[in-house]
Amino acid sequence: VQLQASGGGLVQAGACLRLSCAASGRSFSSYNMGWLRQAPGKEREIVASINWSGGSTDYADFVKGRFTISRDNAKNTVYLQMNSLKPEDTAVYYCAARTRWVRASVEYDYWGQGTEVTVSS
């Protein structure tokens, strides 16, 4: 599966953004999806994940209540709605796919190219 993330940008603290990740290739609906991020000088970290059907989701503690992951299998797209953005959310955000559902993991089989999010104070 090939993944293309979009929707990043420069926003002020408190603003919202919605990231999208369009998948091409076969069987998108069979993949479990995740959004991960990497800030400058820091390790990549998981932000949120969603299972193949959308029936299970998981969030990192630092985004709970602010971010929402969702997917539309008919459109081969996974989303990350980000509300109440903080400067510490500044990072490159990646969407990724894996065949096995695992919570809180940075180990994924397929990766998109990343979209940059910058939150100014």
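Quick note: residue numbers are just sequence positions, from 1.
In this structure, Gln38 and Ala91 approach most closely via the heavy-atom pair O-CB, 3.5 Å. Closest approach of Ser30 to Ser27, counting heavy atoms only: OG-O, 2.6 Å. When all heavy atoms of Cys16 and Ser84 are compared, the closest pair comes out as SG-N, 4.4 Å. Here the shortest heavy-atom pairing between Ala13 and Pro87 reads CB-CD, 4.1 Å.
Under the 4.5 Å side-chain heavy-atom criterion for Ile, Leu, Val, Met, Phe, Trp and Tyr, Val102 and Tyr108 are members of distinct hydrophobic clusters.
When atom types are taken as modelled, the side chain of Arg66 and the backbone of Gln81 share no donor-acceptor pair closer than 3.5 angstrom. The backbone N or O of Gly112 lies less than 3.5 Å from no partner atom in the side chain of Gln4, so there is not a single donor-acceptor pair. For Asn73 (side chain) and Asn76 (main-chain N/O), no donor-acceptor pair under 3.5 Å exists by modelled atom type. No donor-acceptor pair closer than 3.5 Å links the side chain of Arg71 to the backbone N or O of Asn32.
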Using the rule given for side-chain contact (heavy atoms from CB on, under 4.5 Å), can you reason through Trp101 versus Ser49, listing the C-alpha separation, both sets of side-chain angles and the distance that settles it, and then say yes or no?
CA-CA 9 Å; Trp101 169 244; Ser49 54; 3.6 Å; yes

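Cluster note: Leu19 groups with Val1, Leu3, Val11, Leu17, Phe28, Tyr31, Met33, Trp35, Val47, Ile50, Tyr59, Phe62, Val63, Phe67, Ile69, Val78, Leu80, Met82, Leu85, Tyr93, Tyr110, Val117, Val119 through ILVMFWY side-chain heavy atoms spaced under 4.5 Å, whether in direct contact or through intervening members.
Ser105 and Arg98 share a side-chain donor-acceptor pair at under 3.5 Å.
Legend: side chain to side chain donor-acceptor pair (under 3.5 Å) pairs involving residues 11-24, not counting sequence neighbours, sorted by first then second residue: Gln2-Ser24.
The line from CG of Asn51 to CZ of Arg100 is 14.0 Å long, rounded to the nearest 0.5 Å.
Residues Lys86 and Asp89 are not paired through a salt bridge, judged by the lack of any N-O separation under 4.0 Å between the basic side chain and the carboxylate.
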